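In what follows, a single structure is set out as structure tokens and then discussed.
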Amino acid sequence: MKLQFIPIDYDYFDFEGRNYIKIIGRNEQEKRICVIDTCEVYLWAILKNKLKQKQIDSLIKKIEKIKLDIKGRTTKVEKVEIHDKNFLGKQVKALKIFATNYKDLHDIADKLDLKEIEKRRGYDLGFITHYILEKKILPLNWYEIEGELLNNSLEFGGIDMVLDVDFCIKLNKLKQIENSALNPKVLAYDIECDEFRIGEGEILMISLFGENFKKVLTWKKIKGKIPEYVEYVKDEAELIEKFIEYVRKISPDFLVGYFSDGFDLPYIKARAEKFKIKLSLGLDNSQPKFHQSGMGKGLVTGKINGIVHIDLLKFIQTAYSQYMQSETLSLNEVANEFLNERKKDFKFKHSSKIEEDEWEKYFEYNLHDSYLTYGLFQKFWPDLIEFTRVMQEPIFDVSRNGMSKNVEDFIIHNLERFNEIPEKRPTYDEIGQRRQREKYEGAFVLEPIPGLYEKIAIFDFTSSYGSVIVTYNLSKSTLLEKNEKDSYSIEIGGEIVSFSKKPGFFPEMLKDIIIRRKKFKSELKSSSTEDAVKRARSNAFKLLANAAYGYQGFFGARYYCREAAAATAAFAKKSIKDAIENINKEGYKTIYSDTDSIAFLLNKKTEEQTKEFLNKLNEKLPGIMELELEGFFKRGLWVTTRGGEIGAKKKYALVDEKGKLKIRGFETVRRDWCTLARQVQNKVIRLILEDGNESHALNFVKETIKKIKERKISKEELIIRTQLKKPISEYKAISPHVVAAKKMQELKIPIDVGTLIGYYIAESTTGKKRELIRDKVKLPDEKGEYDIVYYLEHQILPAVENIFQVFSINTKELVDGKKQTTLGEF
DNA sequence: ATATACACGGATCCCCTATTTCC
DNA sequence: GGAAATAGGGGATCCGTGTA
């Protein structure tokens, strides 16, 4: 049988002691296909340097005899080959040792602790990764496959009979082909419950949303007419059964939720267990499997056999959050940013307190959440596809992995063209040692001179750290033990480290990424139509390039190299300092610089001259280092630190000719300041940048102060929001948000690590002399008057004080008004 | 444990000394 | 008058959140 096939989900099983892969995908008619295949299983033994042929021969004989009886099966070494390979850039002789079962490779490796063998590698990749590497059936790429149709066959224990697919095929041949993108079948879901702790309350309803399909399942019957999408069931048990039934009937490629790894799926699982319902969502009727990801923190991934369960929150977190405006990753904010739609209004109440006529709104709300989740999936589908294709790992994993894992997957799947044997994961002890290593020196930040400036340009290095890694060949495999003459050398913490000039595989891969990304980016710029796929791939490469530096400095990395990471920062530092010097030499004046960007005054030079100068600069830069023009700006503002004497770093505001603001670091971009302070500061900055002087801004602040004093400010504007970053009991310093969290706990308001805690500072009620701010914390719903002095002196003043100081205005006097001191009145 | 370092700034913690309170 | 409690100052530390 011959057909076209696109792999979506990968799984494996053992049959008669051997490993088989089971790939679920679609053909061009959108039929669901299961492909069964296998591959050779092996590990590498890297030999010591000066072994004689005789020694190698007898070693091979010895290894060929290895046979293990463990875990109820027999695994043996099936054959041994000798190969010329590279390991960390060095040529080595290595034995390719084939064995029966991948899961036993570790035990085989234990038997290979021999004096002739230098290192053992390649047995910690996982069978699925190993298989993809071996057979190159890459996820979400099209293939023409040939194979044997399994039809009620007893081969593999009758696997095709229990599997709900159109065809089950044992693979013989495959060829990669071009085909249009997959049009995936997607079903989004969302549940509503009374209790937020997993499984501790009833599930009131479950919504489902797919193409031409919307449904809210509930056991709550209300009077009157109900929307057609609501379907009643008898009770909660039937609710779960109906959910299973619909998922099975629709049988989507992707079952999508938002925070569903951490909430919806485990919740349904817990309730199903309570009612002794088998949650047979898998194509093989199996229940979702939950894997602990991370240590104890309840971080779980829910895997359903054959149907890819996607938790969009996780993907958005790693792939997008750093470029987002949203201050939280709540469905509401994220949907608003990407879909321009919000959640429906519905204030959460316990179901017993919901009025009869409110239920319909609740159903609508529940359905809308699934609708938004579905919309977000469509929005991110190009990114999910491209990430999966670039990393070459199953979408289930790629959608959940952090950036370090993505970088590593990319490396592992690109080692072959360098003939490299993969490095192993660090052991627990190694990780411990790495983590104890001292921090190295990072980026250079130039202390600005506070002031309001006119006519500014900003240059920055494109993919700065990535370009440095490529240009200076910085990696674990290129690090030299001794300083050599013809090498890239730099001082790190008083010691010189050197890197070979012979290109290493890691910098070479990175070079590829950066060059391809540049190509995509320029294509995107020149083309008139929006190409979502190109944009997504460009974005995937950008993220990879940016994460490459962090990867080498990350203690959990296979290719961890602190020296390379430190050298990257050091070379980058040198580059930016050189650039600053050149810019100043040309007659410009540098105001500020951070890591890879430089802001400078044009000093009467024109924009054209500056662009020409940029080209001139670029000609002199080494390797792939490149400066680009970030933009020209009409005005820019830099302030002092709170201490008052020195210029504050990582804090500035710019306005371009079109009036567009670019604000960095100021309180107005920080979510842990109250809205009022943020808005006031924002307006002050805007007025000053627009006007070029402080007079309007000052009046505005005066008005605000008056309003605060007259209690004309609504409480909502005064709420301070701070995230709870760890369990309450672990806090050493009991700060205001911890007090607020404790109050919420007492009121049984669900809080968890990660919850944004909102509170306001109320007037003192205790009358104690020595009162801390936390003693005046009140929850937003709690009755009380806001503390005027606190909001003036701890929110508004700190937000604007340093700005007005640029114009030598002491705002503190404004606040005090008639009074001279404020502390004295206590 | 789940990419890195640099940076700001609020609030508490903690130690020290001076002052007040109490017997 | 002397011991204990409290106030207040100031640096260290904790903590959250940014920039790059």
Side-chain angles (χ1 to χ4, degrees), chain A residues 293-297 299 314 317-318 322 327 400-408 425-426 428 431-432 434-435 438-447 460-461 463-465 543-557 559-560 562 564-566 568-570 572-573 576 592-598 630 639-643 646-652 662-673 677 720-726 730-739 756-757 761 768-770 772-775 777 790 793-795 798-799 801-802 823 826:
Chain A
S293 77
M295 302 275 286
K297 289 213 169 166
L299 294 169
K314 285 216 173 122
Q317 216 163 22
T318 44
Q322 63 178 130
E327 286 175 10
R400 288 171 172 79
N401 287 340
M403 275 321 285
S404 79
K405 187 68 170 54
N406 284 333
V407 173
E408 198 153 282
R425 269 200 298 263
Y428 186 79
I431 290 178
R434 290 175 182 185
R435 297 194 64 192
E438 249 178 276
K439 282 190 170 176
Y440 56 85
E441 211 176 292
F444 167 70
V445 189
L446 180 74
E447 185 192 312
D460 53 23
F461 281 101
S463 293
S464 166
Y465 280 14
L543 287 164
L544 266 184
N546 289 345
Y549 155 70
Y551 173 80
Q552 297 205 94
F554 167 50
F555 49 78
Y559 294 99
Y560 169 79
R562 182 182 179 271
T568 307
K573 205 170 196 170
I576 194 114
Y592 179 62
S593 166
D594 184 350
T595 313
D596 60 1
S597 74
I598 305 166
E630 228 270 338
V639 299
T640 66
T641 62
R642 210 74 183 93
I646 56 170
K649 298 168 175 179
K650 302 195 185 282
K651 231 181 170 182
Y652 60 90
K662 179 173 172 159
I663 302 178
R664 292 290 119 100
F666 274 108
E667 284 75 5
T668 188
V669 301
R670 297 179 59 90
R671 70 173 181 191
D672 56 350
W673 285 70
I720 297 161
R721 291 180 184 84
T722 313
Q723 195 183 17
L724 201 63
K725 303 281 275 188
K726 53 189 174 190
E730 281 175 28
Y731 278 91
K732 286 180 191 156
I734 309 303
S735 40
H737 81 290
V738 178
V739 172
L756 261 195
I757 308 289
I761 302 303
K768 268 198 290 186
K769 282 244 166 119
R770 208 175 143 147
L772 295 170
I773 289 159
R774 65 171 175 223
D775 298 325
V777 164
Y790 175 83
E793 294 188 355
H794 291 253
Q795 291 280 328
E801 205 169 23
N802 301 335
L823 289 173
F826 280 102

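By convention in this document, chain letters (A, B, ...) are assigned in the order of the sequence lines, proteins followed by strands, and residues within each chain are numbered from 1. The shown structure was predicted, so the numbers you read here are calculated from the model rather than taken from an experiment.
The side chain to side chain contact (heavy atoms under 4.5 Å, CB included) check on A/Ile431 picks up A/Pro426, A/Arg435, A/Phe555, with sequence neighbours excluded. In this view, A/Tyr465 satisfies the side chain to side chain donor-acceptor pair (under 3.5 Å) rule with no residue, not counting sequence neighbours. Listed by chain and number, the residues in a side chain to side chain contact (heavy atoms under 4.5 Å, CB included) with A/Ser593 are A/Phe444, A/Leu446, A/Ile576, A/Ile580, A/Ile598 (sequence neighbours excluded). With sequence neighbours excluded, the residues satisfying side chain to side chain contact (heavy atoms under 4.5 Å, CB included) with A/Glu630 are A/Ile458, A/Asp460, A/Phe633, A/Lys662.
Straight-line distance from the CE atom of A/Met403 to the P atom of B/dA1: 22 Å, rounded to whole Å. Atom CD1 in A/Ile761 sits about 10 Å away from atom C1' in B/dA11, given to the nearest Å. Note: CD (A/Glu801) to P (B/dC8) measures 16 Å, nearest angstrom. Distance A/Ile576 CD1 to B/dA5 C1': 15 Å, rounded to the nearest Å. Nucleotide B/dT4 holds its P atom 6 Å from the CZ atom of A/Phe554, rounded to whole Å. When rounded to the nearest whole Å, the span between OH of A/Tyr551 and C1' of B/dA1 equals 14 Å. The CZ-P distance, from A/Arg435 to B/dA3, rounds to 12 Å in whole Å. In this structure, A/Ile720 places its CD1 atom 11 Å from C1' of B/dA11, rounding to the nearest Å.
At a threshold of 4.0 angstrom between heavy atoms, the contacts of A/Asn406 with the nucleic acid are absent. At a threshold of 4.0 angstrom between heavy atoms, the contacts of A/Glu441 are confined to the sugar-phosphate backbone, with no base atom among them. Counting non-hydrogen atoms under 4.0 angstrom, A/Gly442 reaches the backbone sugars and phosphates but no base. In this structure, A/Ala443 reaches the sugar-phosphate backbone alone: every heavy-atom distance under 4.0 Å involves primed, P, OP1 or OP2 atoms, never a base. As judged by a 4.0 angstrom heavy-atom cut-off over every strand, A/Tyr465 is placed among residues making no nucleic acid contact. Counting non-hydrogen atoms under 4.0 angstrom, A/Ile773 reaches the backbone sugars and phosphates but no base. Here A/Tyr560 lies out of heavy-atom contact (under 4.0 Å) with every strand.
For A/Trp673, whose side chain is taken as the heavy atoms from C-beta onward, the closest listed nucleotide among B/dA1, B/dA5, B/dG10 is B/dG10. In this structure, of B/dA7, B/dA1, B/dC8, it is B/dA7 that holds the atom nearest to the side chain of A/Val445. Side chain of A/Ser404, nearest nucleotide from B/dC13, B/dA11, B/dT2: B/dT2.
Side-chain atoms of A/Arg671 and A/Leu756, non-hydrogen and from C-beta on, do get closer than 4.5 Å to each other.
Considering all non-hydrogen atoms of both residues, A/Ala799 and A/Ala677 come closest at CB-O, 4.1 Å.
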A correct 5'-to-3' footprint of nucleotides 14-20 of chain C, with B, S and - meaning base, sugar-phosphate only and no protein heavy atom under 4.0 Å, is SSBBBBS
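End-to-end axis angle of the helix from B/dT4-C/dA20 to B/dC23-C/dG1, from C1' rotation axes over five pairs per end: 10° (rounded to 10 degrees).
Atom CD of A/Glu447 sits about 5.0 Å away from atom CD1 of A/Ile646, to the nearest 0.5 Å. To the nearest 0.5 Å, the span separating CG on A/Asn802 from OG1 on A/Thr641 amounts to 7.0 Å.
Environment of CD in A/Glu441: sparse, with no more than 12 heavy atoms of neighbouring residues, nucleotides or ligands closer than 6.0 Å.
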Kindly indicate, with the supporting measurements, whether the criterion salt bridge (charged side-chain N to carboxylate O under 4.0 Å, His left out) is fulfilled by A/Lys725 and A/Glu730.
-> CA-CA 10 Å; A/Lys725 303 281 275 188; A/Glu730 281 175 28; over 6 Å; no
